[in-house]
Amino acid sequence: MNKIALVDCNNFYCSVERVFNPKLEHKPVVVLSNNDGCIISRSNEAKALGIKMAEPVYKIMPYLKKNKVSIYSSNYQLYGDMSHRVMTNLNYFVPHIDIYSIDECFINLNGFEHMGLINYSQTIKQKIYQWTGIPVAIGVGNNKVMAKLANHIAKKHKGDGVFQLNSLEQEQKLMKQLELTEIWGIGRRSEKKLKQLGLESVWDFYTSSQMQIKQVMGINGVQLYYALHNQFNNHQELEQSDKKSIASSRSFSTLVSELGPLQQALSNYIMIASKKLRKQGSYTSAMQIYLSTNPFQQNTRQYHNCINIDFAMPCNDSFKLIRIGKSALKKIYKRDYQYHKVGVLLYDLSDNKQIDLFSIDYLPGKEKIRKEKLMRVIDKINQNMGTDTVFSGAQGIKKHWLEKRNYLSQRYTTNWNELLQVN
DNA sequence: TCTGGGGTCCTAGGACCC
DNA sequence: TCTGGGGTCCTAGGACCC
C-alpha cells in the first residue's frame, strides 16, 4: 500500500512573523490580505478569540484593538522565501516531494516503513521546527485524500501534530464523526446537495452508492469516493508540474477612473506574470485582460469586462505583452466608471521544446535570441538588485493606486537593507 | 472609508459539421 | 408547412482549493 504524508505549516503566515519576532509567541496574531482588506491567517490565540477567516478588517478593527491582536500586512517575499526553506528541508528527508501550496507539501513515505512512519514523521516535524522555526502538522494515509484527512485530524483533534490513518476500523470510526466539508474536495455547495439526498456525514458518503455520488458531484465525487475506499484513484501520484495558467491582479487602494493609471497598473501585473512565465520556462499563446468596478459597492454603477487575445507565436517577452495588453485594455475601458481592479491571465502555456520546433521555421532567429537575452538579463538584475530595479516605462513611476500595507514587517531574508537587527 | 489573489478541474451549452 | 441524430471542439462559468 502507498504511504503518502501531507506536511502542512501551522497558521503559516503568522508563524513566519513569529520566527522573526518571538515576542509574538502565545499572543494573538493575524495577517491581512492585499490592501489590508481582510484576515487571511490567524494564530491559534486569534482563532480562539473567534476571529474568522476572510473577515473584513474594518468590521472587526475595534475588536482586534481591544484584544491587543498583533496585525501584519502580508509580506509575500518573506513568506515565499520561508516556504522555500521548509520545502528544501523536507527534501532532505524524502526524495520525492510534491509542493501543493505555499504552506503544504505531499511527501512519499514509501520505503520508510521500517523506521515507523509515526516516528519518522515526528522526527521530520521536530527538525523542520528546529531548522526553520516553523511548526508543521503531518498526516499519513494511503493516498492524498487520506493524508489530507489525517493531517486535519492531527491539527484539530489530536495534540501532538502527527497522525496516521492505518486501519480500516479506525478510518471507519472517524468517518462517523466527521462532517462532509471536512473532506478535501467537498465544499459548501456539494454539502448542501448531498444533504438533500439524505447524506449527512462522511460515513453516509462512504456507505452510499457510487452512482448516487456521481449524480451530485460528477467525476470529482467519484474520485473522492474511491479515495475514501482506498481503491485506485488519481490521488496517488506525486509529481510537480508546471502551471497551466498564470495570473496577476490587485485591487486598488483608491478607486481609479482614468485609462492611463489603469494601464500603468496593468503593465505592472503583466510584468509580474510574465516574469513567472519565464521562471518556469514557458511561453504563452493567449492572454486575458480584465477590469472591474467594486462589486461590494452595489449603490455605484457596476461594470466588468474582459477580453481575450490569441497570439500567432507563443511569447514570453514582457514588453510585447505590455504593448498588447495596454491596447486590449483600451478596447474594454469605459469612461465614467470607478474601477477597483484590473488584471491579467496568461494561459495556453507551452514549454521551450515545443517552441524550438517552431522557431526553426518561422521566427527570425537573431531577433528572438536578442530579445530572450534581454529578458534574461532583466530578470537577473531584478533578482539580484531587487524587484523593479529595471522596469518598463509603461509601469509608471508614481503609483498612486498602489496597495495599502500599513502593518508590513521587514523582508528579513531577501533584502540586505532589512536584515534582523540584534542589540 | 475600508471586503485578497492565484490556481485546477469539470461541465453544460453553443457553434459547427455531416 | 412540416425539420433528426450524433459527433467534435471551444468557452464561460461553477466548484473547489489554499
Side-chain angles (χ1 to χ4, degrees), chain A residues 6-13 30-42 52-62 64 71 73-76 79-80 83 98-106 144-145 148 151-152 155 180-194 214-224 234-235 241-255 268-269 272-273 276-277 280 286 288 290 292-300 304-308 310 338 340-349 403-407:
Chain A
L6 175 65
V7 183
D8 188 331
C9 302
N10 302 347
N11 315 329
F12 183 55
Y13 300 163
V30 295
V31 174
L32 313 183
S33 65
N34 181 49
N35 275 329
D36 297 339
C38 48
I39 310 274
I40 54 168
S41 180
R42 306 156 296 158
K52 293 200 188 73
M53 188 68 172
E55 182 92 11
V57 175
Y58 74 93
K59 283 188 182 171
I60 57 164
M61 196 44 120
L64 296 178
I71 302 171
S73 303
S74 40
N75 185 342
Y76 282 104
Y79 308 153
S83 170
D98 179 355
I99 298 169
Y100 177 69
S101 72
I102 194 165
D103 66 338
E104 284 177 70
C105 186
F106 290 102
K144 287 183 175 177
V145 174
K148 189 93 182 168
N151 187 284
H152 175 74
K155 274 189 171 170
L180 283 168
T181 50
E182 289 181 273
I183 298 293
W184 187 35
I186 302 183
R188 279 212 309 276
R189 306 280 178 135
S190 300
E191 182 193 37
K192 196 175 163 194
K193 286 191 221 159
L194 289 165
K214 182 160 189 185
Q215 192 190 327
V216 177
M217 292 185 65
I219 190 79
N220 284 326
V222 177
Q223 295 287 354
L224 279 182
N234 287 345
H235 299 288
S241 52
D242 283 342
K243 300 248 182 297
K244 295 173 181 175
S245 63
I246 295 173
S248 179
S249 71
R250 302 280 185 283
S251 44
F252 304 135
S253 55
T254 51
L255 297 173
N268 278 275
Y269 310 145
I272 292 168
K276 287 187 188 169
L277 183 72
Q280 73 165 29
Q288 180 178 80
Y290 55 93
S292 69
T293 52
N294 188 346
F296 290 102
Q297 291 185 353
Q298 283 299 340
N299 52 342
T300 62
H304 55 263
N305 203 352
C306 70
I307 183 168
N308 293 290
D310 289 331
Q338 299 278 301
H340 168 251
K341 188 185 229 179
V342 295
V344 59
L345 175 71
L346 305 178
Y347 59 102
D348 201 356
L349 309 186
E403 62 261 46
K404 186 170 75 183
R405 293 203 286 181
N406 289 340
Y407 311 96

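So that the names make sense, note that chain A is the first sequence line, chain B the second, and so on, each numbered from 1.
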Query raised in the report: If you check the A/K59 side chain, which of C/dC18, B/dT3, B/dG6 turns out closest?
Result: B/dT3

Query raised in the report: Would one find a side-chain N or O of A/S248 under 4.0 angstrom from OP1 or OP2 of B/dG6?
Result: yes

Query raised in the report: In which ranges does DNA chain C form stems of 3 or more consecutive Watson-Crick or G-U pairs, distances under 3.5 Å?
Result: B:5-18 with C:5-18

Requested in this report: Look at all strands and tell whether A/I183 reaches a base, only sugar-phosphate, or nothing, counting heavy atoms closer than 4.0 Å.
Outcome: sugar-phosphate

Report task. Treat primed atoms plus P, OP1 and OP2 as sugar-phosphate and everything else as base, then score nucleotides 10-15 of chain C 5' to 3': B for base contact with protein heavy atoms under 4.0 Å, S for sugar-phosphate contact only, - for none. Result -> --S--S

Report task. Answer with base, sugar-phosphate or nothing: what part of the nucleic acid does A/I186 contact at a heavy-atom distance below 4.0 Å? Result -> sugar-phosphate

Query raised in the report: Counting side-chain heavy atoms from CB outward, which of C/dC18, B/dG4, B/dG6 is closest to A/W184?
Result: C/dC18

Query - Heavy-atom pair of closest approach, residues A/A247 and A/L345 - result: CB-CD1, 3.8 Å

Query raised in the report: Rounded to whole angstroms, how far apart are NZ on A/K341 and P on B/dG4?
Result: 7 Å

Query raised in the report: What orientation do A/Y79 and A/Y13 show, parallel under 30°, tilted 30 to 60°, or perpendicular over 60°?
Result: parallel

Query raised in the report: Side-chain N or O of A/S74 less than 4.0 angstrom from OP1 or OP2 on B/dG4?
Result: no

**Report entry** Between P of B/dG4 and NZ of A/K52, the distance in whole Å
**Finding:** 17 Å

Report task. Nearest whole angstrom, please: distance from the P of B/dT8 to the CG of A/D348. Result -> 13 Å

Report summary line: Which of B/dG7, B/dG4, B/dC9 is nearest the side chain of A/K244? It is B/dC9

Requested in this report: Output yes when a side-chain donor or acceptor of A/S83 lies under 3.5 Å from a complementary backbone atom of A/I102, and no otherwise.
Outcome: yes

Query raised in the report: Between A/N35 (side chain) and A/S251 (backbone), is there a donor-acceptor pair under 3.5 Å?
Result: yes

Query raised in the report: Does A/N35 place a side-chain N or O at less than 4.0 Å from the phosphate oxygens OP1/OP2 of B/dG4?
Result: no

Requested in this report: Classify the nucleic acid contact of A/D36 as base, sugar-phosphate or nothing, counting any heavy atom under 4.0 Å across all strands shown.
Outcome: nothing

Query - For A/H340, ring pair (Phe, Tyr, Trp, His ring centres under 6.0 Å) partners two or more places apart - result: none

Report task. State whether A/K148 places a side-chain N or O below 4.0 Å from either non-bridging phosphate oxygen (OP1 or OP2) of C/dC18. Result -> yes

Query raised in the report: With a 4.0 Å cut-off on heavy atoms, is A/E104 in touch with a base, just the backbone sugar-phosphate, or nothing at all?
Result: sugar-phosphate

**Report entry** Touch class at under 4.0 angstrom, heavy-atom based, for A/L345 against every strand present
**Finding:** nothing

Query raised in the report: So, is A/S101 near the phosphate of B/dG7, with a side-chain N or O under 4.0 Å from OP1 or OP2?
Result: no

